[in-house]
There are 2 protein chains.
Amino acid sequence: MSTRASATAPRGTYHHGDLKAALVAEAIKLVRIEGPNHLSLREVAANCKVSPSAAYHYFPDKDSLVSAIGDYCFQELARIQEEAISKVVGNSAKAAKARLRESGRSYFQWAKKDPNLFRLMFGGFCSINKTDEADQDPAYLVLVRVLDDLLTHGVITKAARQNAELAAWPAVHGATTLIIEGHIPEEAYEAVLDTIEAALGIK
Amino acid sequence: MSTRASATAPRGTYHHGDLKAALVAEAIKLVRIEGPNHLSLREVAANCKVSPSAAYHYFPDKDSLVSAIGDYCFQELARIQEEAISKVVGNSAKAAKARLRESGRSYFQWAKKDPNLFRLMFGGFCSINKTDEADQDPAYLVLVRVLDDLLTHGVITKAARQNAELAAWPAVHGATTLIIEGHIPEEAYEAVLDTIEAALGIK
DNA sequence: CCATAATCTGAACACCATTCAGATTAAAGG
DNA sequence: CCTTTAATCTGAATGGTGTTCAGATTATGG
């Protein structure tokens, strides 16, 4: 999106340099602390040393800025997951199984680290573009790859591969949410991962 | 909490009658439409034909009113589930299995009917009182009963009964959220229920 | 019937999103 | 280099928000 200068550069000139990126970065910082509902566009602008109206040159309204945060977060979550599963090297069935577990763990760890960003992503704040099939949730594509890998290594059957995404993602996402919101204890998470493996017929 | 007159009674006298209940009822109505983040305390008060400051006699702040909505919703969800499983009569293994599925379906149907109330419940808006063990989420207790019933009828093993809640609730909750927010299609829900049965070793 | 406590109002303060006319500056063309 | 043009940001204004508090109104108990 933004190409020019540093997003956190101090304001010397009248023109900012890369205000759009700076606004998003500052908004993320604030949502992290105050939560998605208490985000103030004026505060974002002030912290960027810019008048409130300047933001409207890049975002038609506040919701649009929030959606930009959401877009960033979905990419970031996918990146984190990619990083986590790439740490489990090996072409074995055991490694493939470990990657499934790590993809689940990294999903939860991301949410635990920044609950407010997680709430923004899945709390109805940002409107995901579900129009196009191509620009699908990148984190979902990571999961697909992990599950394909399980089939390749014979860890799961072809029958289990059908709807395997539906055995993994809802459970992982639900457990994450319920822990974040204090409905089940964090210690329960590994047990949830066990139930996913059971649903897939692993072991 | 409130004991007196109808919550929706028109305003004839200076005193309202049961303002607290009226405020909660009106707030629910507005959250249903506008979503939890766009709730306005002033609008709630105005619709109750009362000055904004009147609300502060019953709620210390807006968040407290939102929490009251959450409390109501958790009770209501439990009631809906209770109603759903009570419709499946019979003391058989088949009936017990059907009740598990219906408890999952009713959870989703509740959320689908009022997504904004569901978002309020699990979006970090209301602070659940996790201090006491006694006043636990009533919907959770419904689930416990359904799972106990499965064990009694030999549908699941004693081993599967361990952590059975963790096989069911996260998957149901996660699937519900992901469908509501448009990440997976509604048609996938029954397949998710299948994976729960698989995780529990049913069939 | 009166005193007291409960309940609600009105006005105020500080903050918010959003709009728009106009000031400032960078970029492009001669 | 200088001027035109387009991009960018400001300042002020509008109408809405949560919250507080002194005071007006009404119900209740003695």
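Chain naming here is simple, since letters A, B, ... match the order of the sequence lines and numbering starts at 1 in each.
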Chemist: Using atom CG of L30(B) as one end and atom C1' of dT17(D) as the other, report the distance to the nearest whole Å.
Modeler: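 Roughly 14 Å, once rounded to whole Å.
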Chemist: Can you check salt bridge (Lys or Arg N to Asp or Glu O under 4.0 Å) on D149(B) and K97(B), steps first, answer last?
Modeler: CA-CA 9 Å; D149(B) 204 30; K97(B) 211 178 111 177; over 6 Å; no
Chemist: Could you check which residues of residues 38-47 of chain B get a heavy atom under 4.0 Å from DNA chain C? Sort them by number, please.
Modeler: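 Those residues are R42(B).
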Chemist: Which residues pass the side chain to side chain contact (heavy atoms under 4.5 Å, CB included) test with T176(A), not counting sequence neighbours?
Modeler: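 Once residues adjacent in sequence are excluded, the partners of T176(A) under the side chain to side chain contact (heavy atoms under 4.5 Å, CB included) criterion are Y107(A), F108(A), A111(A), F118(A), V172(A), I180(A), Y189(A).
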Chemist: Would you be so kind as to tabulate the donor-acceptor pairs closer than 3.5 Å made by side chains of residues 54-66 of chain A, with sequence neighbours excluded?
Modeler:
from   : atom 1 : to     : atom 2 : distance (Å)
D61(A) : OD1    : S64(A) : N      : 3.1
K62(A) : NZ     : L39(A) : O      : 2.6

Chemist: Report the residues that fulfil salt bridge (Lys or Arg N to Asp or Glu O under 4.0 Å) with E34(B), sequence neighbours left out, ordered by chain and then residue number.
Modeler: none
Chemist: Expressed in angstrom and rounded to an integer, what is the separation of K49(B) atom NZ from dT7(C) atom C1'?
Modeler: 19 Å
Chemist: State which residues pass side chain to side chain contact (heavy atoms under 4.5 Å, CB included) with R161(A); sequence neighbours excluded, sorted by chain then number.
Modeler: V144(A), L147(A), D148(A), L151(A), I156(A), A164(A), E165(A)
Chemist: Write down the distance between CG (L19(B)) and C1' (dA27(D)), rounded to a whole number of angstrom.
Modeler: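 Nearest whole value for this atom pair: 15 Å.
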Chemist: List for me each residue that meets salt bridge (Lys or Arg N to Asp or Glu O under 4.0 Å) alongside R145(B), sequence neighbours excluded, and say none if there are none.
Modeler: E82(B)
Chemist: Just to verify, what does R32(B) make a salt bridge (Lys or Arg N to Asp or Glu O under 4.0 Å) with, not counting sequence neighbours?
Modeler: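 For R32(B) the salt bridge (Lys or Arg N to Asp or Glu O under 4.0 Å) partners, ignoring immediate neighbours, are D114(B).
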Chemist: In terms of side-chain heavy atoms of P52(A), which of dT10(D), dT18(C), dG10(C) is nearest?
Modeler: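 Selected nucleotide (nearest to the side chain): dT18(C).
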Chemist: What parts of residues 56-69 of chain A reach DNA chain D, counting only heavy atoms under 4.0 Å away?
Modeler: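 When residues 56-69 of chain A is checked for heavy atoms under 4.0 Å from DNA chain D, the hits, listed by number, are H57(A), Y58(A).
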Chemist: Can you tell me how far C1' of dT7(C) sits from CG of L23(B), to the nearest Å?
Modeler: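 The distance from CG of L23(B) to C1' of dT7(C) comes to 13 Å, rounded to the nearest Å.
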Chemist: Check salt bridge (Lys or Arg N to Asp or Glu O under 4.0 Å) between K112(A) and all other residues, then give those that pass, not counting sequence neighbours.
Modeler: E186(A)
